[in-house]
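The next block holds one structure in the form of structure tokens; read it before the comments.
Chain letters run A, B, ... following the sequence lines, proteins first and then strands; every chain starts at 1.
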Amino acid sequence: MGVSKRKLESKTKNTENSTMLSNVTYKKSNTLITAKGKSTLLGQKLFAIGILMAKELDDGSLEAIIPGTYLRKALGRNNGSFYDQIVALVEPQKNKASLLDWRIIYKDKEEQKIEASNVITDVTFHDGRLTLRYNSKIKKYITGLKNNYTVLNLSESLTFTSIYTYRLYEVLKAEMDYQRAISHSEGPYEVTYELTDLKLMLGIIDPQENADIAKALKKESPDYEKIEKKAEESGINKMSNYTDFRRYALERAKKELNKKSSIHVDYKPVRMGRGGKVVSICFKLSRVGHEKAKEVEDAPKKDIFEQIDEMQQLFSEKITASDAKAILEAAGMDMKKVRYAYGISRKSGRIDNIVGWMISAIKNGYTENVSGASDADFEQNTYDFEELEKRFVEN
DNA sequence: CTGGTACTCACGTGGTAGAG
DNA sequence: CTCTACCACGTGAGTACCAG
């Protein structure tokens, strides 16, 4: 009896968490999304949370400090080996992947070269706070994104239980948004990925484990057949059996995406040659509930309840949650604007109606010129046309 | 292609102790 | 009392492989 009650409690707690985080989105450059490399599910989730929290330091580097309580809430864990897991990711151990080991190979479109970098250069975990320092090389793919990025829903992606669901979600969402941008159609869309390419993107084949593969990937148009062969030779071609790949990666990801995400996925293998060997996978994608998905895309980055809390603490006047929400909305969910306007209100003599004053102050532009990531929230997800053309030529 | 087995290791769960 | 931190144990994810 006691046990089932406890279970019930934890269940309600979980749903509470998911609604609290229901409107949180993060942006990731498409370059990073299609980058090849292996990482753990927890690592990916931490990275995404880190993007939300990332701040630029004086020396230009990018750092995210994530409080333990936030991590717990975001990851829906309240106790247990939670710290162990974080610590395990932070402290490199023999044969174990840490966040620091997360290395990716990606194409830098502006500079026309292919790079291999560690994503995170520094991780510490002290006093319950996780600090991530991002590689300065990939900084431009995380903050101040102007084009060629994808808005991803953190609350969706945090619920995924498979790393393949997570990776595929990002890849397919990016592709879907891209196709929507160029075709102005509401779908369904189709994409075909070369099987080996897909495995690389999902981290099933890790280029870090084999120098030849890493080298082959750095070519302008990688020879996937060769990569597959190399992977086979060196024994790092996991799930070389297509049926296993389908069962444990594709099928699982498909089920989870269809159940939990705003993407509806279906796929079919493309076979070639005498043996009918599967050479690529053709995905069919459609959006679930356009209006809803749109809402999510325009949604705030930070947990709204947290922001309301923060505001209620900030204001010396008593304000209700709905007042706070109204102000937040006027500020486009930007806490910085709220703080700045509030700061002005302190110097503006008597104000009878602080809520109304705040809203009109914000609307009249009494706001700090907020730079960087938060500004970019209101920009359109545009693509540059040179890039588009190039992709057309490729295909 | 499906079912089933086997194995490893990461993760989930819950208890607990100490610091603030 | 809350939060950090550590421990033990069971479970689930990830992978390979074989039989029907």
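- Using modelled atom types and a 3.5 Å distance limit, the side chains of A/Thr150 and A/Asp177 yield no donor-acceptor pair.
- Distance CD1 (A/Ile204) to P (C/dA13): 16 Å, rounded to an integer number of Å.
- Checked for salt-bridge contact, A/Glu232 and A/Lys230 miss the test: no charged N lies under 4.0 Å from a carboxylate O.
- Contacts of A/Ile163 with the nucleic acid, taken as non-hydrogen atoms under 4.0 Å apart, involve only primed sugar atoms and P, OP1 or OP2.
- In this structure, A/Leu168 places its CG atom 17 Å from P of C/dA13, rounding to the nearest Å.
- Side-chain contact, A/Asn237 with A/Lys229: no donor N or O sits under 3.5 Å from an acceptor N or O.
- Distance A/Leu46 CG to B/dC11 P: 10 Å, rounded to the nearest Å.
- The side chain of A/Thr161 places no N or O atom within less than 4.0 Å of a non-bridging phosphate oxygen (OP1 or OP2) of C/dG12.
- Between the side chain of A/Ser183 and the backbone N or O of A/Ser185 there is at least one donor-acceptor pair closer than 3.5 Å.
- Relative to the side chain of A/Thr40, the nucleotides C/dT15, B/dC11, C/dA5 differ in distance, and B/dC11 lies closest.
- Following rounding to the nearest Å, A/Lys38 (NZ) and C/dG14 (P) show an atom-to-atom distance of 10 Å.
- The distance between atom CE of A/Met239 and atom P of C/dC17, rounded to the nearest whole Å, is 13 Å.
- Below 30°, between 30° and 60°, or above 60°: for A/Phe47 and A/Tyr134 the angle between ring planes is above 60°, a perpendicular geometry.
- Of the candidate nucleotides C/dT15, B/dC1, C/dA5, C/dA5 has the atom lying nearest to any side-chain atom of A/Phe125.
- In the model, A/Glu228 has a side-chain atom that pairs as donor or acceptor with a side-chain atom of A/Thr196 under 3.5 Å.
- Counting heavy atoms from C-beta on, the side chains of A/Phe283 and A/Thr192 never come closer than 4.5 Å.
- Straight-line distance from the OH atom of A/Tyr164 to the C1' atom of C/dG12: 14 Å, rounded to whole Å.
- Distance A/Lys238 NZ to C/dA13 P: 17 Å, rounded to the nearest Å.
- One atom, CG of A/Leu42, and another, C1' of C/dG14, lie 16 Å apart when rounded to the nearest Å.
- Non-hydrogen atoms lying under 4.0 Å from DNA chain C are contributed by A/Asp244, A/Arg247, A/Tyr248, all within residues 242-251 of chain A.
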